[in-house]
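So you know, we letter chains A, B, ... as the sequences are listed, proteins then strands, and number each from 1.
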2 protein chains.
Amino acid sequence: MKVTRAQAEENRRAVVEAAGRLFREHGVKGVGLAELMGAAGLTHGGFYKQFKSKDDLVLEACGQALDDGVGKWTRIVEKAEVEHADPLAALVRHYLSPTHRDRVGTGCALAGLGPDVVRPGEERAGLRQRFETSVQAYAGLLEQAMGADGSEDAALATLSTMVGALLLSRMVEDEACSRRILDAAGASLLGHPATPHEGQ
Amino acid sequence: MKVTRAQAEENRRAVVEAAGRLFREHGVKGVGLAELMGAAGLTHGGFYKQFKSKDDLVLEACGQALDDGVGKWTRIVEKAEVEHADPLAALVRHYLSPTHRDRVGTGCALAGLGPDVVRPGEERAGLRQRFETSVQAYAGLLEQAMGADGSEDAALATLSTMVGALLLSRMVEDEACSRRILDAAGASLLGHPATPHEGQ
DNA sequence: ATTATCTATAGATCTATAGATAATGC
DNA sequence: ATTATCTATAGATCTATAGATAATGC
């Protein structure tokens with residue numbers, strides 16, 4: 001029943017990844033350890049060889065999901081800069097797309113995990129600090145993407161609009177209404193192009 | 001052990017109110033029926049005389065909390081109009097205040113319940129429809145508050161910024177950072193006054 | 001007589017632990 | 001010999017139901 005050390009590491013990684021996805025989809029309290037381990041192809045008994053507690057896994061899964069998001073944004077900005085396209089527009093169009101809205105499990109961790117995981121009053125050691133670091137990283141990338149128009153405050157306001165629009169678009173029943181929220185937020189951030197692209 | 005019909009109605013109301021508060025504070029899965037009934041001064045056994053299921057109570061508590069929020073906004077706009085003040089500024093200052101940020105239990109239901117309660121894929125009958133109605137009510141009030149500058153799209157974008165900023169401000173550890181998010185969003189919505197008030 | 005609420009409990013589920021097992025890695 | 005994973009289970013908790021009780025409302 002033992003497995004090579006490399007395989008054990010890969011198993012652990014798979015659990016963290018499954019947790020990041022399932023926690024976003026069903027909420028932390030909405031997934032049990034057995035389902036979590038099962039999603040990584042294991043049984044629940046091995047859990048505590050890898051993690052101190054469920055909360056420990058929550059912290060790790062959030063960290064990974066947040067880093068993935070910042071990494072994605074970094075690549076989008078870099079690609080736009082190389083192509084002499086507008087990086088802000090690239091970020092906003094990606095973030096406010098119906099695809100991103102529908103893929104909660106792999107989508108933005110600020111929207112998909114933040115509200116569920118850092119509740120005022122309930123202290124999960126280090127979590128709020130972890131989110132703060134990533135909020136600043138996201139805002140930093142936005143500021144960079146804004147170029148000459150950028151400032152930390154403008155970036156924080158833009159990030160707020162993006163996160164809020166994504167969450168609201170997920171709350172409503174009607175697809176047209178949902179789309180309208182995404183488009184309205186996008187238009188307000190980019191000047192007005194609901195169309196393909198354009199320089200800033 | 002029976003109680004007057006008026007008292008029974010009041011008890012039911014108290015349960016819905018406690019649910020609205022506790023669900024926002026700890027998440028729907030974070031509160032059990034016993035705790036819920038206890039917060040209304042009852043024992044858990046009586047629950048199913050009043051509600052079909054926990055999900056039934058979730059729907060009712062969300063509806064009540066959403067209506068409370070729309071009611072609050074309505075009063076704020078009316079008061080500002082009577083006083084010839086800027087209603088948009090009044091809404092934004094109330095919503096993006098540290099007080100509102102800290103009072104999750106009685107604060108905006110879009111931010112406090114939405115992300116937890118309407119998860120894509122998980123269908124709780126009628127809930128998403130209920131949120132959609134309230135999103136439109138909130139946006140309608142914003143549009144009205146914007147006066148000549150108003151449009152449905154502008155209102156939806158503004159609502160996105162407000163909800164996103166509130167949620168982000170609750171995610172970070174540092175008070176100064178949290179305050180900065182609220183202020184940056186407020187400034188971007190109101191022109192620039194981080195100071196007392198001013199016409200639009 | 002009706003019924004809102006109470007106590008008690010069934011049945012499911014969840015986190016965490018214990019001990020067995022078998023393949024790795026020294 | 002070590003250890004990653006497995007099966008099994010303890011103990012807590014949660015939703016929902018059953019039956020008793022006592023005050024209301026006809």
Secondary structure of DNA chain D per the Watson-Crick/G-U criterion (both distances under 3.5 Å; [ ] crossing, | other strand, . unpaired) is ||||||||||||||||||||||||..

Using a 4.0 Å cut-off on heavy atoms, which residues in residues 24-53 of chain B reach DNA chain D? List them by number, or say none.
B:Val31, B:Gly32, B:Leu33, B:His44, B:Tyr48, B:Ser53

Among residues 2-11 of chain A, which ones have heavy-atom contacts with DNA chain D below 4.0 Å?
A:Lys2, A:Val3, A:Ala8, A:Asn11

Would you say the side-chain atoms of A:Glu81 and A:Gln144 include a donor-acceptor pair closer than 3.5 Å?
yes

Whole-Å distance, A:Arg12 CZ to D:dT5 P, equals 11 Å

Between P on C:dC14 and CG on A:Leu57, what's the gap in Å once rounded to a whole number?
15 Å

Please check this pair: side chain of [X] against backbone of [Y], looking for a donor-acceptor N/O pair closer than 3.5 Å.
{"X": "B:Arg124", "Y": "B:Leu59", "result": "no"}
{"X": "B:Ser169", "Y": "B:Ser178", "result": "no"}
{"X": "B:Arg170", "Y": "B:Arg101", "result": "yes"}
{"X": "B:Arg180", "Y": "B:Ala176", "result": "no"}
{"X": "B:Glu143", "Y": "B:Ala155", "result": "no"}

Looking at [Y] and [X], is any side-chain nitrogen of the basic one under 4.0 Å from a carboxylate oxygen of the acidic one?
{"X": "B:Arg12", "Y": "B:Glu9", "value": "no"}
{"X": "B:Arg75", "Y": "B:Glu78", "value": "no"}
{"X": "A:Glu175", "Y": "A:Arg179", "value": "yes"}

State whether the number of non-hydrogen atoms from other residues, nucleotides or ligands found under 6.0 Å of B:Arg103 atom CZ is greater than 12.
no

